[in-house]
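See below for the structure under consideration.
Both backbone and side-chain heavy atoms feed into the values below; hydrogens, waters and symmetry mates do not. Treat the numbers as computed from the prediction; the structure is a model and nothing was measured.
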Amino acid sequence: MTTVDLDAYADELFAETNAFRETEDRPPLERSDCAIRHARDRAEALTGGDALEHAPMNDVLDACDASWSGENLVRSAAEPAEVVTAWSNSSGHRMNLLTTEAESLGVACVRDGEELLCSQVYLGPGGG
């Protein structure tokens with residue numbers, strides 16, 4: 001995974017998320033620069049740790065002026081389509097993938113050893 005383009009990988013996760021949403025008759029999510037910044041910060045804060053733990057979303061809600069937010073995390077060497085498939089088979093992750101609360105999404109990935117650590121930050125109405 002050391003030769004993977006982080007931005008391209010994040011873009012593929014974004015596209016695969018919207019492709020999955022389409023199969024479930026959900027509207028596509030818009031790209032959010034604010035959510036991307038926070039996704040990157042959240043991913044960087046988790047590098048080198050053992051567990052992936054969600055931090056409170058209050059800072060994201062405030063900074064992005066959103067009424068709702070959610071997050072999916074992954075540390076993996078899998079292809080983006082495989083990651084979205086794994087998320088779709090996990091109830092909490094699936095809920096974020098398909099929520100109608102979200103209107104926009106930001107995805108960012110960082111290197112974490114031999115794997116990538118990625119965060120998806122979903123934003124609800126007002127966020128962007």
Side-chain angles (χ1 to χ4, degrees):
M1 289 295 323
T2 56
T3 61
V4 171
D5 179 301
L6 296 174
D7 291 333
Y9 189 94
D11 287 345
E12 286 185 53
L13 271 179
F14 182 91
E16 290 291 338
T17 297
N18 272 336
F20 177 70
R21 287 176 63 86
E22 184 177 358
T23 68
E24 299 290 324
D25 296 322
R26 298 299 196 283
L29 300 171
E30 299 293 323
R31 190 173 313 271
S32 165
D33 291 336
C34 186
I36 291 169
R37 284 191 302 277
H38 284 275
R40 183 167 289 110
D41 290 347
R42 295 169 80 82
E44 287 173 351
L46 293 169
T47 59
D50 291 331
L52 296 182
E53 295 183 20
H54 296 280
M57 300 295 283
N58 297 346
D59 61 330
V60 175
L61 289 168
D62 292 342
C64 298
D65 196 28
S67 59
W68 179 88
S69 63
E71 179 181 47
N72 282 346
L73 297 168
V74 67
R75 180 184 291 123
S76 178
E79 294 297 320
E82 296 173 79
V83 171
V84 172
T85 297
W87 280 336
S88 73
N89 291 317
S90 163
S91 62
H93 294 103
R94 182 182 182 88
M95 189 169 28
N96 283 339
L97 286 169
L98 297 177
T99 184
T100 56
E101 293 282 333
E103 294 179 348
S104 59
L105 173 66
V107 184
C109 301
V110 297
R111 295 191 195 290
D112 193 13
E114 293 297 315
E115 298 177 304
L116 299 182
L117 197 157
C118 302
S119 169
Q120 285 189 315
V121 172
Y122 295 80
L123 298 176

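The closest donor-acceptor contact from the side chain of Arg111 to the backbone of Thr47 lies at 3.5 Å or more, if one exists at all. Between the Ser69 side chain and the Leu61 main chain, no donor and acceptor come within less than 3.5 Å of each other. Remark: side-chain polar atoms of Glu115 are not paired, donor with acceptor, to backbone N or O of Asp112 under 3.5 angstrom. Looking at Arg21, its side chain does come within 3.5 Å of a backbone N or O of Pro27 through a donor-acceptor pair. Judged by distance alone, the side chain of Arg40 and the main-chain N or O of Ala108 form no donor-acceptor pair under 3.5 Å. Counting only distance, with no hydrogens or angles, the side chain of Arg42 and the backbone of Ala55 share a donor-acceptor pair below 3.5 Å.
Linking Ile, Leu, Val, Met, Phe, Trp and Tyr residues whenever their side-chain heavy atoms come within less than 4.5 Å leaves Val84 and Leu73 in two separate clusters. Note: the hydrophobic cluster containing Leu117 does not contain Ile36 (ILVMFWY, side chain heavy atoms under 4.5 Å, direct or indirect links). No chain of hydrophobic side-chain contacts below 4.5 Å, direct or via other Ile, Leu, Val, Met, Phe, Trp or Tyr residues, connects Met57 to Leu52. Taking hydrophobic clusters as Ile, Leu, Val, Met, Phe, Trp and Tyr residues chained together by side-chain heavy-atom distances below 4.5 Å, Val60 does not share a cluster with Leu46.
By the 6.0 Å contact criterion, CD on Glu44 is enclosed, its count of non-hydrogen atoms from other residues, nucleotides or ligands being greater than 12.
For the atom pair Thr85 OG1 and Phe20 CZ, the distance stands at 8.0 Å (nearest 0.5 Å).
Between Trp68 and Tyr122, the ring planes lie perpendicular to each other; the angle is over 60°, past the 30° to 60° tilted range.
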